[in-house]
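Everything numeric in this text was worked out from a predicted model, so none of it was measured. Just so you know, residue 1 is the first one in the sequence shown, and it goes up from there. Computed over heavy atoms, backbone and side chain alike; hydrogens, waters and symmetry mates excluded.
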Amino acid sequence: EPLFRSFTGQPYGCSLGCVSSYNAYIKNDPASVNCSCGKDSSCIAAQGPVTKCIMSGPVTPPPPQTCADAIMGCGNNATCGSIVLSYLSACNKVFYSGAACTNDCKNRLDEAIDALPALKECICAGNATCIEAQTNIQKACFGLTPAPRPTCDSITLPCSQKPQCYSILQDYINSCDRVFRSGNVNDCTQSCLDNLKSLTLMMPTYEKCTCSQGDATCSMYQKNIQKGCFGVDMTMPSPTTARPTSQRPTPQRSTPSSKAAKVTAVALVSFFVAVFCFLF
């Protein structure tokens, strides 16, 4: 089982399932505990991290947090805010153009993560520009390649079968209906944003989903919510964000249609807005 990994790609530790499976394995084959990899480079590369992970005990990944909430706390501390602002300035070209990660950018990023650990894990809660910046910094500074995006149907179908998740999804669809259709900033209500936040906190992979091929209604909703709620012009190449298609799920079928989104965990563009708002 893969180790949980943070924004930087470094492992947190083993999950409970990993530890339990390991213990069951060595119980059936005690000799494997002291086995040698010999010259097997793959074995050597895996043995050290797994041993360290098992020795540290099971670890639960930190709960998801929106980047706006993380920045709000940072902005209340002058030192933290100053460090994050320095990071944003040093890495600006990486965020927006995918430029190479300079030593100055990487050093400022390390300082920002030390000052604000939530920076590693926070989600963008639907902001496509933020997700684009996140993707660029991950690729340039840590060599991480974004995983293929699943279809939104494959994510929302399991959600529709769980009452709490389905209720949140329905609240999101209903509260954002006007902005889905208009793309007007006046139609993006606080209720819409709050429900989008709740949905992405419950299902972080929701930010990673994409519209099914040929789903024009989903694509229209995607463009409109980005334009209305985040001021992002999706006619330009950029990541996507979650929103439903034209068909509403019925109580009998409970199958919400697709929404689109791209991977999220660090809100870099939101930082510019939030930090300046809170510090100045």
Side-chain angles (χ1 to χ4, degrees), residues 3-13 56 59-144 146 193-194 196-208 229-232 239 241 261-280:
L3 305 182
F4 295 126
R5 292 186 178 273
S6 69
F7 167 69
T8 62
Q10 297 303 310
Y12 297 125
S56 67
V59 176
T60 301
Q65 180 182 21
T66 67
C67 299
D69 289 344
I71 289 299
M72 180 180 295
C74 176
N76 290 330
N77 181 292
T79 300
C80 179
S82 177
I83 291 173
V84 172
L85 284 173
S86 295
Y87 157 54
L88 294 172
S89 177
C91 299
N92 181 57
K93 290 184 179 179
V94 181
F95 299 151
Y96 299 112
S97 66
C101 184
T102 64
N103 289 336
D104 186 38
C105 172
K106 184 60 169 62
N107 290 337
R108 298 296 184 182
L109 171 57
D110 291 341
E111 292 173 359
I113 289 175
D114 287 341
L116 184 61
L119 176 64
K120 296 186 295 184
E121 317 305 334
C122 64
I123 61 174
C124 291
N127 189 322
T129 309
C130 154
I131 297 169
E132 180 180 26
Q134 169 193 343
T135 301
N136 286 341
I137 201 78
Q138 288 178 326
K139 182 177 180 180
C141 295
F142 299 106
L144 302 180
L193 292 173
D194 289 344
L196 175 56
K197 171 183 173 180
S198 296
L199 188 64
T200 53
L201 285 173
M202 174 164 282
M203 296 192 302
T205 54
Y206 194 56
E207 286 196 327
K208 302 177 184 179
C229 293
F230 303 110
V232 177
T241 192
K262 187 158 184 178
V263 60
T264 106
V266 181
L268 302 176
V269 174
S270 292
F271 284 1
F272 280 104
V273 176
V275 173
F276 276 98
C277 286
F278 287 115
L279 293 184
F280 302 100

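- Residues satisfying the side chain to side chain donor-acceptor pair (under 3.5 Å) criterion with N107, sequence neighbours excluded, are absent altogether.
- Considering only heavy atoms from C-beta on, V84 stays 4.5 Å or farther from L119 through its side chain.
- Contacts of D69 classified as side-chain contact (heavy atoms from CB on, under 4.5 Å), with partners at least two apart in sequence or in another chain: Q65, T66, K197.
- Using a 4.5 Å heavy-atom cutoff, the side chains of C91 and I137 are in contact.
- Remark: L116 CG to N77 CG distance equals 10.0 Å, nearest 0.5 Å.
- For the atom pair SG (C229) and CG (L196), the distance works out to 7.5 Å, reported to the nearest 0.5 Å.
- Cysteines C74 and C80: SG-SG separation is under 2.5 Å.
- The nearest pair of heavy atoms linking C105 to V94 is SG-CG2, 4.1 Å.
- Between E132 and N136 the shortest side-chain heavy-atom distance falls below 4.5 Å.
- Between the side chain of S82 and the backbone N or O of A78 there is no donor-acceptor pair closer than 3.5 Å.
- Between C130 and C124, a gap of under 2.5 Å is found separating the two SG atoms.
- Pairing each heavy atom of A125 with each of F230, the nearest pair is O-CZ, 3.7 Å.
- In this view, D114 satisfies the salt bridge (Lys or Arg N to Asp or Glu O under 4.0 Å) rule with no residue, not counting sequence neighbours.
- Looking at residues two or more places apart in sequence or on another chain, you find a side-chain contact (heavy atoms from CB on, under 4.5 Å) between K93 and S97, A99.
- Using a 4.5 Å cut-off on side-chain heavy atoms (C-beta onward), I123 and Y206 make no contact.
- Disulfide status for C101 with C141: present, SG atoms under 2.5 Å apart.
- Scanning for side-chain contact (heavy atoms from CB on, under 4.5 Å) contacts around S86 gives R108, with sequence neighbours left out.
- Inter-residue side-chain proximity for L88 and F95 is flagged as met; some heavy-atom pair is nearer than 4.5 Å.
- Atom NZ of K106 is separated from atom CD of E111 by 11.0 Å, given to the nearest 0.5 angstrom.
- In plain terms, the two heavy atoms of I83 and A115 that are nearest each other are CD1-CB, 3.8 Å.
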Verdict with reasoning, L109 to F142, per side-chain contact (heavy atoms from CB on, under 4.5 Å): CA-CA 11 Å; L109 171 57; F142 299 106; 3.4 Å; yes

